Amino acid sequence: EADIYQTPRYLVIGTGKKITLECSQTMGHDKMYWYQQDPGMELHLIHYSYGVNSTEKGDLSSESTVSRIRTEHFPLTLESARPSHTSQYLCASSEANRYGYTFGSGTRLTVV
Amino acid sequence: GQQVMQIPQYQHVQEGEDFTTYCNSSTTLSNIQWYKQRPGGHPVFLIQLVKSGEVKKQKRLTFQFGEAKKNSSLHITATQTTDVGTYFCADDTGRRALTFGSGTRLQVQP
């Protein structure tokens, strides 16, 4: 079954650590996205990609990086985690916008 | 930057009552998408509206796009406990990625 997978599901790390959140999709979608969402709040765009070797910054991109070496894989890296990074990180992909985004289950990150 | 506001922020209804959430923008919206996020879950795509004045229905859900394409609404008839969650509208400008609204959280009392 085609789907989008995020790992880990939950993560607790110390301040200053470097972490990578994984996102993979099996649908062959060219477009992929990372959003940050605090519980019950709106989604804020971090980074997005229109295809291999294409990445663009969103509104909250300054403290993270992404790469798109393969169509199916779009990892997000925080170089130095801070308590303000505590949030849920949602990965999504789309074929064409009229079909909507398919979201992964998210990674809930806590930085202590 | 563009802001997409939703009202109300939160609504608590009795099961069987109707519910409406409104999505408003100061600028003309391109295409509007609606998503539902269950508590503890992730957003799930419901529908996309493209044309001015467009109305679409999915069972008890009715989606409408304003004539001036500056607002949209989602109406649920006779709510059920399964309708609980946060409903987001999102503007698809086609230029980058979706801009999500602030969301309306719906609580349904059995």
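Just the heavy atoms: all of them, side chains too, but no hydrogens, waters or symmetry mates, feed the values below. Predicted, not measured: the structure shown is a model, and the values here were computed from it. The sequence lines fix the lettering, A, B, ..., with proteins before strands; numbering per chain opens at 1.
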**Q.** Inter-residue atom distance Thr99(B).OG1 - Leu45(A).CG, 0.5 Å rounding
**A.** 7.5 Å
Q) Can you tell me if Tyr35(B) uses its side chain to pair, donor with acceptor, with the backbone of Tyr101(A) under 3.5 Å? A) yes
Q | Spatial distance of atom CD (Glu42(A)) from atom CE (Met5(B)) [nearest 0.5 Å] | A | 7.5 Å
Q: Answer yes if Tyr87(B) and Tyr22(B) sit in the same cluster of Ile, Leu, Val, Met, Phe, Trp and Tyr residues linked by side chain heavy atoms under 4.5 Å apart, and no otherwise.
A: no
Q) Are Val44(B) and Ile32(B) co-members of a hydrophobic cluster defined by side-chain heavy atoms under 4.5 Å apart? A) no
Q.
For the residue pair Gln37(B) / Gln37(A), report whether a side-chain donor-acceptor contact shorter than 3.5 Å exists.
A. yes
Q.
If you take the centroid of each ring, where Trp contributes its six-membered ring, are Tyr35(A) and Phe100(B) closer together than 6.0 Å?
A. yes
Q | Phe103(A) to His42(B) - nearest heavy-atom pair and separation | A | O-CD2, 3.5 Å
Q. In terms of hydrophobic clustering (I, L, V, M, F, W, Y; side-chain heavy atoms under 4.5 Å; direct or indirect links), are Tyr33(A) and Phe45(B) co-clustered?
A. yes
Q: Check whether any side-chain heavy atom of Phe88(B) sits under 4.5 Å from a side-chain heavy atom of Leu43(A), and report yes or no.
A: yes
Q. Linking I/L/V/M/F/W/Y whenever their side-chain heavy atoms sit closer than 4.5 Å, directly or via other members, would Met41(A) and Trp34(A) fall into one cluster?
A. no
Q) Taking atom CD of Gln9(B) as the centre, does the number of heavy atoms from other residues, nucleotides or ligands within less than 6.0 Å exceed 12? A) no
Q) When clusters are formed by joining ILVMFWY residues with side-chain heavy atoms under 4.5 Å apart, either directly or through shared neighbours, do Met27(A) and Met32(A) land in the same one? A) yes
